Chemist: 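Take this structure, written in structure tokens, and hold onto it; I'll ask about it next.
Heavy-atom basis, side chains included; hydrogens, waters and symmetry copies ignored. Note that the structure is predicted; figures quoted are calculated from it, not measured. Proteins get letters first, then strands, A, B, ... in listed order; numbering begins at 1 in each.
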Amino acid sequence: MKQKIQNLILSAATGAYKNGELPSSEFPDVEIEAPKIESHGDFSTNIAMIMASIQKMPPRKIAEAIIKHIVDHDKILAKTEIAGPGFINLFINKTSWHFVLRKIHEEGAEYGASSIGNGKKIQVEFVSSNPTGPLHVGHGRGAAVGDAVANILLFCGYDVKKEYYINDSGRQINTLGLSVFLRYKELLGEKIEFPENCYQGDYIREFAEEVRKSRGNKLIEEDEASAVNYCARYAAGNIIDDIKKDLKSFGVTFDRWYSEQSLYDSGKVDNVLSDLRKRKLVYEKDGALWFKTRDYGDEKDRVVVRNNGLTTYFASDIAYHQDKFDRGFEQIIDVWGADHHGYIPRIAASIEAYGHNKDQFNVILVQLVNLLRGGEPVAMSTRTGEFVTLKDVIKEVGPDAARFIFLTRHYESPLDFDLEVAKKKTNENPVFYVQYVHARISSIVRKGREMGISSVTRDDKAIAMLKEPEEIHLIKTMARYPEVVRYSARLMEPHRITFYLMELASSFHAYYNKHRVLADDPLLTGGRLYLVLAVKKVIKNGLTLLGVSAPEKM
RNA sequence: GCGCCUGUAGCUCAGAUGGAUAGAGCAACGGACUUCUAAUCCGUAGGUCGCAGGUUCGAAUCCUGCCAGGCGUACCA
């Protein structure tokens with residue numbers, strides 16, 4: 001529809017120029033927008049105001065000339081007017097909206113899909129939590145955002161792959177192993193002082209118990225390094241398995257789980273380091289090896305090899321991001337916690353140093369989640385091991401409520417997640433509000449079937465019966481859906497779809513309360529069923545992008 | 001100190017590329033169930049868009065300076 005209007009305006013402007021009513025043929029991009037206020041029409045354009053300086057004419061005069069030359073072959077316009085400083089407002093014939101319904105029914109689950117991605121190979125890496133403990137709510141938000149972004153990009157014609165990077169190397173893992181080993185020794189009766197920087201959670205004791213069961217007291221006889229290593233591998237392996245399970249029950253799957261250790265094993269980190277040396281992008285100082293990230297916009301240079309000979313995480317991250325490009329991805333998106341934002345410039349620097357464009361690298365910084373219960377903060381501390389896991393949250397409120405709530409905010413905005421609200425079945429909790437639309441429509445269809453309406457097919461006469469303001473409003477709202485999806489993809493902002501769904505749900509509930517779908521007139525009933533089934537499709541379509549289910553019954 | 005993010009109704013938040021009278025939900029108040037699920041709807045009330053300048057036909061949106069909050073500023077991960 002928007003496209004049609006755009007063409008209409010452009011050819012009108014051209015017509016006005018040919019007729020000598022506009023001095024210049026230089027036209028800016030025609031921007032058509034839907035005004036917020038209904039009395040300003042279905043669409044409006046500011047073209048006359050933008051052209052004013054080019055044409056050297058007052059905006060309202062330009063608007064006049066354009067309107068005069070609009071040729072409306074399909075008779076979609078009911079009215080045009082010039083308003084304010086020079087807006088052209090266009091009012092669409094009510095019945096001209098009806099084609100949207102046919103489009104939705106024809107395209108079904110594909111309604112709103114597009115090819116703006118052009119098959120571009122794009123990778124979304126998210127969660128990537130260290131395998132040193134269970135996932136908590138913050139990871140859940142990252143998972144919901146990353147997964148939804150991937151879904152939306154896929155829907156818009158990108159070739160998307162989802163990846164989880166496992167930090168299964170380095171000191172953190174060693175600390176994990178040490179933590180388990182110490183608890184294990186404790187179980188065998190040794191008195192030990194448990195260090196503060198070790199992992200405190202109860203899950204560590206459970207691993208120690210399992211190790212004791214399978215290995216008895218044999219581990220204590222080995223040398224400590226290999227015993228710790230054994231514990232580390234054992235614990236990390238189990239934690240990863242749990243993380244996979246938790247994410248699966250959250251509806252999140254990955255195309256690939258990429259191991260950091262494998263970057264070392266395959267020599268990719270060494271290759272990067274020798275390559276950096278060869279290209280003189282690194283230098284030695286104070287016994288350490290520094291990457292000249294400053295040359296690429298970072299505020300200071302960064303260490304890749306410490307003076308004790310060990311590589312930093314940055315070193316493997318360079319290799320990892322390099323490997324992403326080597327695998328053919330043209331665009332890479334990392335979903336990180338907001339506390340990592342200081343890390344962006346150095347990764348961006350390394351990417352640029354390797355000849356890629358900084359634009360090919362995006363970071364979605366997800367702000368933290370405050371967990372509440374009935375308005376009271378829930379104590380969260382990873383250090384002491386007192387935290388509510390993602391698993392607990394899913395168990396308590398269900399995956400749908402959790403995912404939806406995670407996506408009700410711009411990711412850059414901190415989010416309060418109240419467990420009590422997430423369980424509420426009122427308007428305070430938008431998940432049910434949206435899902436309820438789907439269930440309600442399903443219920444209407446069931447009821448209709450009882451009354452003998454076995455199927456709903458397209459019937460133009462029935463569709464022509466749809467003239468109520470609430471009906472036209474619903475159709476207009478649905479007509480906007482494809483555009484919402486495209487913005488959501490372009491800006492990588494899934495919350496736009498969440499808000500759209502709440503708006504569509506609101507339009508539907510208002511309509512439902514005012515008009516009966518199963519009316520006395522069979523023709524009208526047919527038209528209205530056709531309408532609400534379109535709503536049902538759009539709701540399901542959007543919920544699917546967010547990874548939320550659309551129930552037939554509630 | 002420097003850098004990033006945030007500041008919009010009592011509360012929680014939307015407001016892409018600058019547009020006309022800044023919008024939802026909650027809370028408050030008043031209404032609507034013999035009818036397709038009241039997990040719903042309708043109405044009332046609520047605003048110096050942190051502050052001050054600037055840019056222009058036009059600013060919540062762009063620029064500058066300040067104020068407040070969060071985070072980051074490791075040879076940590």
Chemist: Using a cut-off of less than 4.0 Å, is there contact between a side-chain N or O of A:Arg306 and OP1 or OP2 of B:C76?
Modeler: yes

Chemist: Taking any heavy-atom pair under 4.0 Å as a contact, classify A:Ala510: base, sugar-phosphate, or nothing.
Modeler: sugar-phosphate

Chemist: Go through B:C42, B:C75, B:A77 for me and flag the one nearest to the A:Arg171 side chain.
Modeler: B:A77

Chemist: Please tell me if A:Arg302 has a side-chain N or O lying less than 4.0 Å from either OP1 or OP2 of B:A74.
Modeler: no

Chemist: Check ring pair (Phe, Tyr, Trp, His ring centres under 6.0 Å) between A:His473 and all other residues, then give those that pass, not counting sequence neighbours.
Modeler: none

Chemist: Would you indicate which nucleotide in B:A77, B:G72, B:C75 comes nearest to any side-chain atom of A:His341?
Modeler: B:G72

Chemist: Which is more 5' along RNA chain B, the nucleotide nearest A:Glu493 or the one nearest A:His509? Just name the residue.
Modeler: A:Glu493

Chemist: Heavy atoms only: give me the nearest A:Thr312-A:Arg306 pair and the separation to one decimal.
Modeler: CG2-CG, 3.8 Å

Chemist: Does B:C13 fall in syn (glycosidic angle within 90° of 0) or anti?
Modeler: anti

Chemist: With a 3.5 Å distance limit and no angle check, can you tell me whether A:Thr132 reaches the backbone of A:Leu176 through a side-chain donor-acceptor pair?
Modeler: no

Chemist: From CG of A:Asn370 over to C1' of B:C71, roughly how many Å is that when rounded to an integer?
Modeler: 13 Å

Chemist: With a 4.0 Å cut-off on heavy atoms, is A:Gln367 in touch with a base, just the backbone sugar-phosphate, or nothing at all?
Modeler: sugar-phosphate

Chemist: Considering residues, nucleotides and ligands other than A:Arg294, do more than 12 of their heavy atoms fall under 6.0 Å from its CZ?
Modeler: no

Chemist: Nearest to the side chain of A:Glu412 - B:C36, B:U12, B:U6?
Modeler: B:U6

Chemist: Would you classify A:Lys423 as touching base, sugar-phosphate or nothing, given that sugar-phosphate means primed atoms plus P, OP1 and OP2, and contacts are heavy atoms under 4.0 Å?
Modeler: nothing

Chemist: What contact category does A:Asn130 fall into here, base, sugar-phosphate, or nothing, at under 4.0 angstrom with non-hydrogen atoms?
Modeler: sugar-phosphate

Chemist: Rounded to whole angstrom units, what separation is found between the CD1 atom of A:Ile444 and the C1' atom of B:U40?
Modeler: 12 Å

Chemist: OP1 or OP2 of B:C36 versus the side-chain N and O atoms of A:Arg528: is any pair under 4.0 Å?
Modeler: no

Chemist: With rounding to whole Å, what would you report as the distance between B:G54 and B:G25 at their C1' atoms?
Modeler: 36 Å

Chemist: B:G50 and B:G7: how far apart are their P atoms, nearest whole angstrom?
Modeler: 8 Å

Chemist: Considering only atom P, compute the distance from B:G58 to B:U6 and round it to an integer number of Å.
Modeler: 27 Å

Chemist: Looking for any heavy atom pair under 4.0 Å, which part of the strands does A:Leu518 touch: base, sugar-phosphate only, or nothing?
Modeler: base

Chemist: Between the protein and nucleotides 18-24 of chain B, which nitrogen or oxygen pairs come in under 3.5 angstrom?
Modeler:
from, atom 1, to, atom 2, distance (Å)
B:G19, N7, A:Asn46, ND2, 3.1
B:A20, N6, A:Ser44, OG, 3.0
B:A20, N6, A:Asn89, OD1, 2.8
B:A20, N1, A:Asn89, OD1, 3.2
B:A20, N1, A:Asn89, ND2, 3.2

Chemist: When you check the phosphate oxygens OP1 and OP2 of B:A14, does a side-chain N or O of A:Tyr411 lie under 4.0 Å from one of them?
Modeler: no

Chemist: If you look only at pairs with a residue in residues 510-522 of chain A, which of them pass as a salt bridge (Lys or Arg N to Asp or Glu O under 4.0 Å), with sequence neighbours excluded?
Modeler: A:Glu470-A:Lys514

Chemist: Considering every strand and a 4.0 Å limit on heavy-atom distances, what is the contact class for A:His438: base, sugar-phosphate, or nothing?
Modeler: nothing

Chemist: Under 3.5 Å, is there a donor-acceptor pair between the A:Ser316 and A:Glu260 side chains?
Modeler: yes

Chemist: Between B:U12 atom P and A:Asp418 atom CG, what is the distance in whole Å?
Modeler: 13 Å

Chemist: Between B:U48 and B:U8, how far apart are the two C1' atoms, rounded to whole Å?
Modeler: 12 Å

Chemist: Write down the distance separating the P atoms in B:C66 and B:C29, rounded off to the nearest Å.
Modeler: 46 Å

Chemist: Establish, for the pair A:Arg346 and A:Phe291, whether the NZ or CZ atom is under 6.0 angstrom from the six-membered ring centre and no further than 45 degrees off its axis.
Modeler: no

Chemist: Can you measure A:Ile344 atom CD1 to B:G3 atom P for me and round it to whole angstrom units?
Modeler: 16 Å

Chemist: Do any side-chain nitrogens or oxygens of A:His495 fall under 4.0 Å of OP1 or OP2 in B:G15?
Modeler: yes

Chemist: Output, in order, the C-alpha distance, side-chain angles, deciding distance and verdict of ring pair (Phe, Tyr, Trp, His ring centres under 6.0 Å) for A:Tyr165 and A:Tyr320.
Modeler: CA-CA 9 Å; A:Tyr165 182 59; A:Tyr320 179 47; 3.9 Å; yes

Chemist: CZ of A:Arg409 to CG of A:Asp416: how many Å apart, nearest 0.5 Å?
Modeler: 7.5 Å

Chemist: In whole Å, I'd like the distance from the CZ atom of A:Phe404 to the P atom of B:G25.
Modeler: 14 Å

Chemist: Ignoring hydrogens, what is the shortest heavy-atom contact between A:Asp168 and A:Pro131? Give both atom names and the distance.
Modeler: CA-CG, 4.5 Å

Chemist: Could you tell me whether A:Tyr433 contacts a base, only the sugar-phosphate backbone, or nothing, with contacts defined as non-hydrogen atoms closer than 4.0 Å?
Modeler: sugar-phosphate

Chemist: How close or far is atom C1' of B:U35 from atom CG of A:Asp520, stated in whole angstroms?
Modeler: 10 Å

Chemist: Just compare B:A77, B:U40, B:C36 and give me whichever is closest to any side-chain atom of A:Asn513.
Modeler: B:U40

Chemist: Output all residues satisfying side-chain contact (heavy atoms from CB on, under 4.5 Å) with A:Ala148, sequence neighbours left out; order by chain, then residue number.
Modeler: A:Leu407, A:Pro494

Chemist: Taking only side-chain nitrogens and oxygens of A:Thr408, does any of them come within less than 4.0 Å of OP1 or OP2 of B:G25?
Modeler: no

Chemist: Nearest nucleotide by nearest heavy atom, which residue falls closer to the 5' end of RNA chain B, A:Ser413 or A:Leu365?
Modeler: A:Leu365

Chemist: The side chain of A:Val303 lies closest to which of these nucleotides: B:C75, B:A39, B:G72?
Modeler: B:C75

Chemist: With a 4.0 Å cut-off on heavy atoms, is A:Lys424 in touch with a base, just the backbone sugar-phosphate, or nothing at all?
Modeler: nothing

Chemist: Taking B:A59 as the reference, what is the distance to B:C51 when you measure between their P atoms (whole Å, please)?
Modeler: 15 Å

Chemist: Could you please name the option among B:A39, B:A77, B:G15 that lies closest to any side-chain atom of A:Tyr313?
Modeler: B:A77

Chemist: Have a look at A:Arg496 and say if it touches a base, only the backbone sugar-phosphate, or nothing, with a 4.0 Å heavy-atom cut-off.
Modeler: sugar-phosphate

Chemist: Does A:Asn307 reach a base, just sugar-phosphate, or nothing at all? Heavy atoms under 4.0 Å.
Modeler: base

Chemist: Using a 4.0 Å heavy-atom cut-off, does A:Arg516 contact any base of the nucleic acid, only the sugar-phosphate backbone, or nothing at all?
Modeler: base

Chemist: Tell me every residue that passes salt bridge (Lys or Arg N to Asp or Glu O under 4.0 Å) with A:Arg141, counting only those two or more places apart in sequence or in another chain.
Modeler: none

Chemist: Only stems of 3 or more consecutive Watson-Crick or G-U pairs count here, both distances under 3.5 Å; name the ones for RNA chain B, or none.
Modeler: B:1-7 with B:67-73, B:10-13 with B:23-26, B:28-32 with B:40-44, B:50-54 with B:62-66

Chemist: Counting any heavy atom closer than 4.0 Å, what does A:His340 reach on the DNA or RNA strands: base, sugar-phosphate only, or nothing?
Modeler: base

Chemist: Could you tell me whether A:Glu552 and A:Lys536 make a salt bridge, using a distance below 4.0 angstrom between a side-chain N and a carboxylate O?
Modeler: yes

Chemist: Could you check how far CD of A:Glu284 sits from C1' of B:C75, rounded to whole Å?
Modeler: 12 Å

Chemist: For a quick check of understanding: with a heavy-atom distance under 4.0 Å over all strands, which category does A:Pro414 fall into, base, sugar-phosphate or nothing?
Modeler: sugar-phosphate

Chemist: In whole Å, what is the span from the NZ atom of A:Lys553 to the P atom of B:C36?
Modeler: 16 Å

